[in-house]
Chemist: 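Before anything else, here's the structure in question.
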2 protein chains.
Amino acid sequence: MSVMTEARTGTGVPPTGTALLEPTYEGDFVLSEPLLLESGRTLASPTLHYAVYGRLNAARDNAVLVCHALTGSALVGSWWPEIFGLGGVLSLENDFVICINMLGSCYGSTGPGSVDPETGKIYGPDFPLVSVRDNVRAQAQLLNSLGIRCLRLALGGSLGGMQALEWPILFPERIKRSLVIAVAPLSAMGLALNHLQRQAILHDPDWEGGHYLQQKQPRRGLALARQIGMMSYKSAELFDERFGRKPNRNGEDPWGLDNQGGGLIGGRFDIAGYLDHQGQRFIERFDANSYLAILRTMDTWDPLNGHTSPSAVFGRIQARLTFVGISSDWLFPPQAVRQFAQTICAAGVQADYREMTSDHGHDAFLAEQTELVRLLQ
Amino acid sequence: MSVMTEARTGTGVPPTGTALLEPTYEGDFVLSEPLLLESGRTLASPTLHYAVYGRLNAARDNAVLVCHALTGSALVGSWWPEIFGLGGVLSLENDFVICINMLGSCYGSTGPGSVDPETGKIYGPDFPLVSVRDNVRAQAQLLNSLGIRCLRLALGGSLGGMQALEWPILFPERIKRSLVIAVAPLSAMGLALNHLQRQAILHDPDWEGGHYLQQKQPRRGLALARQIGMMSYKSAELFDERFGRKPNRNGEDPWGLDNQGGGLIGGRFDIAGYLDHQGQRFIERFDANSYLAILRTMDTWDPLNGHTSPSAVFGRIQARLTFVGISSDWLFPPQAVRQFAQTICAAGVQADYREMTSDHGHDAFLAEQTELVRLLQ
């Protein structure tokens, strides 16, 4: 999931005009007890890095939890600023907004790059599977520490939406509303895309079985993984509109002989130059093992897993839910999101489904924030 | 493009029941003169490997050219047997069917693994770009050598369809009909998919800049490329139906701890096991440099390239054309095929468009041959 506005001179998403928001506070919370994971393993006193915006009121009933997607951070004011806009979903005057970096990430919470207090060594490839549910349980402990008993709202897109839905399942009495955007349990095609990304990293000799030095990570593999991901975050329509069959803007010639690698590799088309650029940007900001960890968090999420009936799982929910599908999303197609919402509705939950019309694909919830806000008003 | 019925115990396409056909003749044709390529380079006396089925009649007017897709071979009777079936598109009694391996391939025609007669060395990464048009010009010389002046029909799917359309453009008086299946100039998304496949190969250290030994080719990169391709040849619907979110059939557990690579890599889902299996099968039968060569042939095809108006290109066509789109094809979506057919129609060409309803994706023209035959009757 891209968490920033993706831009390359001349074709990127236009600047939003909204200034990035500074958090009121950014810091760490260390769980006082080991976190027992669904997989059976434990994380000894993990850290959650988080950021807050606005102020908690005296009644402590204005808390909103924003959940980030695959490669996001706690700094929601930087990657989702327009959600706070005038008439937006969130208000800095009325809400106390908190965003918590996921376990497994490389943006402050405990992840594969952290030291395992039990061994004194970096987790590396031994970092355990941390499920969406595990994350939500850890988040609840952080909210406890802030004296927040009940959330006014939880929201998120993609992997963030998985967390926003797990909240009312796990803690029915602690949340009033959830916005679940562009997500359903990952389909076979989604699992395929994640598998290919994982293979790209594991095939890179610099991965070294996950025991690489932080400054010498598997850059080529991680870049290719990101490119595979990017393809699924956008739509064919958007690619045709922006890039079509144009040669790369730096002047390379896909039909000619001006290639670096001999006859088998021609100059790039513009779409190839774009994807390469995205891959290069990504390896400067993300860690390969964290990427693997969070892919697995995403892969394994299915609230129905291990349960026989949807009502046994979803029947617990007391919150009001809103699901959002994106018309051109082929990673989580709108039909799948709608069908998922219907299944949950059928379990007696108060839920509605809205569809965002956009040719930005899965990324639309980040690329077209004002449209999203309009849809949610 | 998969050229064989893809099968894995329990989920593969069911056996067709049609016996594979043996060719009447299989052999090589060596061009007597150098082939001047669109890129400006030449291939000195290239070889075309070909197979024929049935017999040429006395009038020499019953010849049909079948053009293969990305990784196909001249043995059309092995990969498209049902096209010859009762009431099929082709008849072994009445037709003389010829199929010619593409230049760049590793199935008999001159490709990157061949020796360049001008240097005495294997072409390797210096094998030039051979366009679809270059292939068609070479094919015409082979037909000349057989005394075939005019084709009754040319047909093919995907890259094969590109050739089947170039025939009446380049040689309007030498062909009466073309069947152009599941193809249009590659979209930006298609170019993206090919770019990712190319990167997967180039990132493999065993690629060695294209100078690998034949017995030590970049297997991991080529397997990943094939997996990326396979994803685009099938549909999300088919994947959901066949694999869903099931764990891999060998008993791996995606949620548990029984993984080989530590905590970051879990047991595979069934779709991942399927893709890995396809990748492993592919590296036993195909060559990485050939794959790169033919990807480029596919990337660069656009009959309108360098021309200002469709009528200047398509207005030459005298043959009757039939275009086929596949409902679930997302590599060459049916809307794109239909629109392409309309553009050609608008240039005054006698062309019709038919749509095959299938959830097999792009691969349907190989996976559901009897459906295709029914549509074309």
Side-chain angles (χ1 to χ4, degrees), chain A residues 38-41 112 123-129 185-189 191-193 195-196 198-200 202-205 209-210 220-221 224 227-228 231 236 239-240 242-245 254-257 261-266 268-272 275 289 292-293 296 299-300 302 305 330 333, chain B residues 38-41 112 123-129 185-189 191-193 195-196 198-200 202-205 209-210 220-221 224 227-228 231 236 239-240 242-245 254-257 261-266 268-272 275 289 292-293 296 299-300 302 305 330 333:
Chain A
E38 282 197 281
S39 68
R41 286 178 61 182
Y123 284 104
D126 299 321
F127 189 77
L129 165 61
L186 212 55
S187 69
M189 182 62 90
L191 293 170
L193 280 155
H195 178 66
L196 298 177
R198 191 176 291 119
Q199 296 313 107
L202 303 194
H203 284 9
D204 188 328
R220 302 187 86 185
L224 180 56
Q227 292 183 52
I228 296 170
M231 187 190 66
F239 279 175
D240 273 337
R242 284 206 188 153
F243 308 106
R245 293 183 49 81
W255 303 276
L257 295 168
L264 294 180
I265 307 135
R268 290 172 300 175
F269 286 90
D270 205 32
I271 179 67
L275 290 173
N289 280 347
L292 292 172
R296 205 169 166 213
D299 271 0
T300 52
D302 180 356
N305 198 32
W330 66 274
Chain B
E38 284 197 281
S39 67
R41 286 179 60 184
Y123 285 104
D126 298 322
F127 189 76
L129 165 61
L186 212 55
S187 68
M189 183 63 88
L191 293 170
L193 280 156
H195 178 67
L196 298 178
R198 190 177 291 116
Q199 295 313 106
L202 303 193
H203 284 8
D204 188 329
R220 302 187 87 184
L224 180 56
Q227 293 182 51
I228 296 170
M231 187 192 65
F239 278 175
D240 274 337
R242 283 206 191 153
F243 308 106
R245 293 182 50 81
W255 302 276
L257 295 167
L264 294 181
I265 306 134
R268 291 172 300 175
F269 286 90
D270 204 33
I271 180 65
L275 289 173
N289 279 347
L292 292 172
R296 206 171 165 212
D299 270 0
T300 52
D302 180 355
N305 198 32
W330 65 275

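Residue numbers begin at 1 in each chain, while the letters A, B, ... track the order of the sequences. If you're wondering where the values come from, they're calculated on a predicted model, not measured in any experiment.
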Chemist: Measure the spacing between CG of Leu196(B) and NE2 of His203(B) and express it to the nearest 0.5 Å.
Modeler: 9.5 Å

Chemist: Among Asp299(B), Leu292(B), Ile228(B), which residue has the highest count of heavy-atom pairs closer than 4.5 Å to chain A?
Modeler: Asp299(B)

Chemist: Which bit of Arg245(A) comes within less than 4.5 Å of chain B, counting heavy atoms only: side chain, backbone, both or neither?
Modeler: both

Chemist: What pairs with Asn305(B) under side chain to side chain contact (heavy atoms under 4.5 Å, CB included), at least two apart in sequence or on another chain?
Modeler: Trp255(A), Asp302(B)

Chemist: Between Leu193(B), Leu191(B), Leu186(B), who has the most heavy-atom pairs with chain A when the cutoff is under 4.5 Å?
Modeler: Leu191(B)

Chemist: What distance do Met231(B) atom CE and Ile271(B) atom CD1 have between them, rounded to the nearest 0.5 Å?
Modeler: 10.0 Å

Chemist: Can you tell me how far the CG atom of Leu264(A) sits from the CZ atom of Arg296(B), to the nearest 0.5 Å?
Modeler: 8.5 Å

